[in-house]
Amino acid sequence: MTSFSEIPDLSIEQFQRFAKLIHEKAHIHLKEHKVTLLSNRLRKRLRALQLESYDDYFKYISDEQTAQKEMVHFLEAVTTNESYFWRTTQNYEALKKNVLPELIKSFRGQKLKFWSAGCSTGEEPYNLAMELVESMKSLGHFEWELLGSDISNRVVEFARQGIYSGRKIEKVPENILRRYFRKLEDQDAYQVRDDLRQKIDFQVENLFQARHRGLHCIFCRNVMIYFNRDDQQKLVNRFYDMLVDGGYLFIGHAESLQMLDTQFTTRPTEEGVLYQKRT
Ligand SMILES: C[S@@+](CC[C@H](N)C(=O)[O-])C[C@H]1O[C@@H](n2cnc3c(N)ncnc32)[C@H](O)[C@@H]1O
């Protein structure tokens, strides 16, 4: 009987084989220093499937009979889903101060379309939705729709439930917590209000296969750091095509488009650089 904790880390060759597959499926670029992390995560899959070695697992994930079902778990094992409410609030400040007033004026009477691309467990799209509703107090009513998508089934299901606790919601201001969440009985957890949950369309989707059109804002924060430069370039070009003329792309605070060849116009603001499609 195998003791799974005794299985050593992946060899470099094994790591490279899995890394290639991860890149093919999700475009995620795993660097070699992640060997222990990947080994730990795959050990859990070996245990779940009662397989004895990484090579057996590679066969399992490559076999037509089993690959499709296991791919869901495999991708879940290799993605990093860290997220929380009120993360990099400068983005939301820029949205309210600079972006929304302009979009409302330019697209008067039209529904504004938002996409949280790589939305993980839902904090980003819900946070965005709360900011949109709040902003109407000063900007007046406007119609909006919001899509949240991620490659991982598990996180999208979590997002649909919209139940959060601990670190995930510790930064949420008290008045927002009262207005947009309800405390669950006998639990130290809060669920996002039903009407807001129903308003957001959550989908399982690979960013590199997404084909949306006519978007006014794309939030893709803390996702591109997992891709190599070529894939970042491809993705940013796709985002550009998916935006309306005048639309905006928001990226994470540790990310930049500086090294990429893009058509986005940069606009420095007090809240950071804004990337706008201007043809
Ligand atoms: C660190 S989380 C970022 C969550 C959120 N955007 C935020 O900033 O809090 C990165 C997410 O990107 C998703 N992801 C990675 N590669 C993806 C791909 N090719 N297509 C769709 N989602 C992907 C992961 O599953 C993960 O949930």
Side-chain angles (χ1 to χ4, degrees), residues 18-31 34 37-38 41 45 71-95 114-131 146-162 164-172 192 200-212 215 217-239 242 248-257 271-272 275:
F18 280 107
K20 187 163 172 277
L21 185 62
I22 294 164
H23 184 254
E24 266 166 38
K25 298 293 174 191
H27 290 255
I28 294 170
H29 177 62
L30 272 197
K31 301 207 181 96
K34 295 279 169 79
L37 179 90
L38 185 62
R41 290 182 176 187
R45 292 311 304 152
M71 196 52 70
V72 173
H73 301 291
F74 178 60
L75 291 177
E76 269 156 20
V78 302
T79 50
T80 301
N81 311 114
E82 151 97 351
S83 192
Y84 51 89
F85 283 87
W86 263 249
R87 182 179 202 178
T88 319
T89 49
Q90 297 94 302
N91 293 141
Y92 301 115
E93 292 310 314
L95 177 80
F114 297 82
W115 180 25
S116 167
C119 70
S120 186
T121 30
E123 293 85 337
E124 181 179 272
Y126 284 128
N127 199 152
L128 179 55
M130 290 169 196
E131 297 289 5
L146 170 51
L147 166 70
S149 70
D150 199 283
I151 199 168
S152 157
N153 263 335
R154 187 186 56 82
V155 295
V156 170
E157 202 34 58
F158 189 112
R160 288 192 182 116
Q161 298 296 319
Y164 303 94
S165 60
R167 251 178 53 71
K168 286 184 167 293
I169 47 166
E170 71 184 10
K171 292 188 175 188
V172 177
V192 176
I200 301 175
D201 179 18
F202 284 108
Q203 288 180 18
V204 178
E205 175 183 68
N206 185 339
L207 282 176
F208 290 84
Q209 286 159 7
R211 294 187 188 283
H212 306 295
L215 296 164
C217 285
I218 300 174
F219 273 62
C220 186
R221 306 183 310 161
N222 310 299
V223 180
M224 284 199 286
I225 36 168
Y226 300 106
F227 305 146
N228 66 24
R229 194 182 165 286
D230 280 358
D231 288 328
Q232 291 178 354
Q233 179 71 59
K234 272 186 215 147
L235 193 60
V236 168
N237 290 348
R238 293 176 69 95
F239 285 157
M242 291 189 229
Y248 286 87
L249 170 65
F250 289 86
I251 57 176
H253 75 286
E255 295 162 320
S256 160
L257 302 190
E271 291 76 26
Y275 298 99

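In each ligand, atom 1 is the first atom listed, and ligand 1 is the first ligand listed. Computed from a predicted model, the values in this text were never measured in an experiment.
We find that E82 and R167 are joined by a salt bridge, their nearest charged nitrogen and carboxylate oxygen being less than 4.0 Å apart. Salt-bridge check for E123 with R87: failed, with every basic side-chain N at 4.0 Å or more from each acidic carboxylate O.
In this structure R154 satisfies the side-chain hydrogen bond (donor to acceptor under 3.5 Å, both in side chains) test together with N81, sequence neighbours excluded.
Ligand 1 is surrounded by A26, I28, T79, T80, N81, E82, S83, R87, G118, S120, E124, D150, I151, E205, N206, L207, F208, R221, N222, V223, Y226, F227, each with at least one heavy atom closer than 4.0 Å.
The closest donor-acceptor contact from the side chain of R238 to the backbone of F208 lies under 3.5 Å.
Checked by atom type, the side-chain pair H23/D231 shows a donor-acceptor distance below 3.5 Å. Residues K171 and T89 bring no donor and acceptor atom of their side chains to less than 3.5 Å of each other.
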